[in-house]
Amino acid sequence: MEHGSYTDLSKSTFSLMDEDHTFANSVRFTLNQDPRVTFCGYSIPHPSENRVNVRVQTTGDPACEVLKDGCQDLMLMCQHVRNTFEKAVNDFKTSKTEDHMNI
């Protein structure tokens with residue numbers, strides 16, 4: 001759910017259900033790398049609620065578009081980490097197989 005102004009689309013607070021510090025801090029980090037973002041932070045209203053509020057303020061672009069872009073960038077980063085990890089595991093397994101064959 002987006003809480004913002006109809007007159008100034010560059011500032012909005014997004015209430016995201018079923019999320020916690022893991023996602024919120026990751027998206028905050030990603031958005032703060034974007035030159036269009038002037039401020040990004042998050043809060044968790046209550047520890048027993050599975051909800052985070054993410055505040056995004058931009059230099060003029062719509063905050064919802066910048067948030068979408070940030071989530072896509074985060075997804076690409078996660079895919080890169082996963083691919084790198086899987087390659088390292090496969091390389092390790094291959095090297096262990098070769099070591100056993102040299103005995």
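For the numbers below, each heavy atom of this structure counts, side chains included, while hydrogens, waters and symmetry mates do not.
Partners of Gln79 by side-chain hydrogen bond (donor to acceptor under 3.5 Å, both in side chains), not counting sequence neighbours: none found. Taking Phe14 as the reference, nothing meets the ring pair (Phe, Tyr, Trp, His ring centres under 6.0 Å) condition, with sequence neighbours excluded. The side-chain hydrogen bond (donor to acceptor under 3.5 Å, both in side chains) test applied to Thr84 returns no partner, not counting sequence neighbours. Looking at residues two or more places apart in sequence or on another chain, you find a side chain to side chain contact (heavy atoms under 4.5 Å, CB included) between Asn32 and Arg28, Val37, Cys40. Applying the salt bridge (Lys or Arg N to Asp or Glu O under 4.0 Å) rule to Asp91 yields the partners Lys87; only residues at least two apart in sequence or on another chain are considered. Legend: residues meeting side-chain hydrogen bond (donor to acceptor under 3.5 Å, both in side chains) with His80, ordered by chain and number and at least two apart, are absent. Under the salt bridge (Lys or Arg N to Asp or Glu O under 4.0 Å) criterion, Asp20 pairs with no residue at all, not counting sequence neighbours. Applying the side-chain hydrogen bond (donor to acceptor under 3.5 Å, both in side chains) test to Ser10 and every residue at least two apart in sequence or in another chain returns Asp8.
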Exercise. Yes or no on side-chain hydrogen bond (donor to acceptor under 3.5 Å, both in side chains) for Arg55 and Asn53, after CA distance, side-chain angles and deciding distance?
Worked result: CA-CA 7 Å; Arg55 175 71 176 177; Asn53 294 327; over 6 Å; no
Exercise. Does the side-chain contact (heavy atoms from CB on, under 4.5 Å) test come out yes or no for Arg36 and Asp69, once each step is laid out?
Worked result: CA-CA 11 Å; Arg36 300 174 294 173; Asp69 292 346; 3.0 Å; yes
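Taking SG from Cys78 and CG from Asp73, the interatomic distance works out to 11.0 Å, rounded to the nearest 0.5 Å. Atom OG of Ser43 is separated from atom NE2 of His21 by 9.5 Å, given to the nearest 0.5 angstrom. Leu74 CG to Thr30 OG1: the interatomic distance, rounded to the nearest 0.5 Å, is 4.5 Å. Expressed to the nearest 0.5 Å, how far CG of Leu76 lies from SG of Cys71 amounts to 11.5 Å.
Listed by first and then second residue, the salt bridge (charged side-chain N to carboxylate O under 4.0 Å, His left out) pairs that reach into residues 74-86 are Arg82-Glu86, sequence neighbours excluded.
The hydrophobic cluster of Met77 has no other members, since no ILVMFWY side-chain heavy atom comes under 4.5 Å of it. Apart from Val89 itself, the hydrophobic cluster it occupies contains Phe85, where clustering links Ile, Leu, Val, Met, Phe, Trp and Tyr at side-chain heavy-atom distances under 4.5 Å. Members clustered with Met75: none, using a 4.5 Å side-chain heavy-atom cutoff among hydrophobic residues.
Using a 4.5 Å cut-off on side-chain heavy atoms (C-beta onward), Leu67 and Val27 make contact. Put simply, the side chain of Lys11 does not reach to within 4.5 Å of the side chain of Phe39, judged on heavy atoms.
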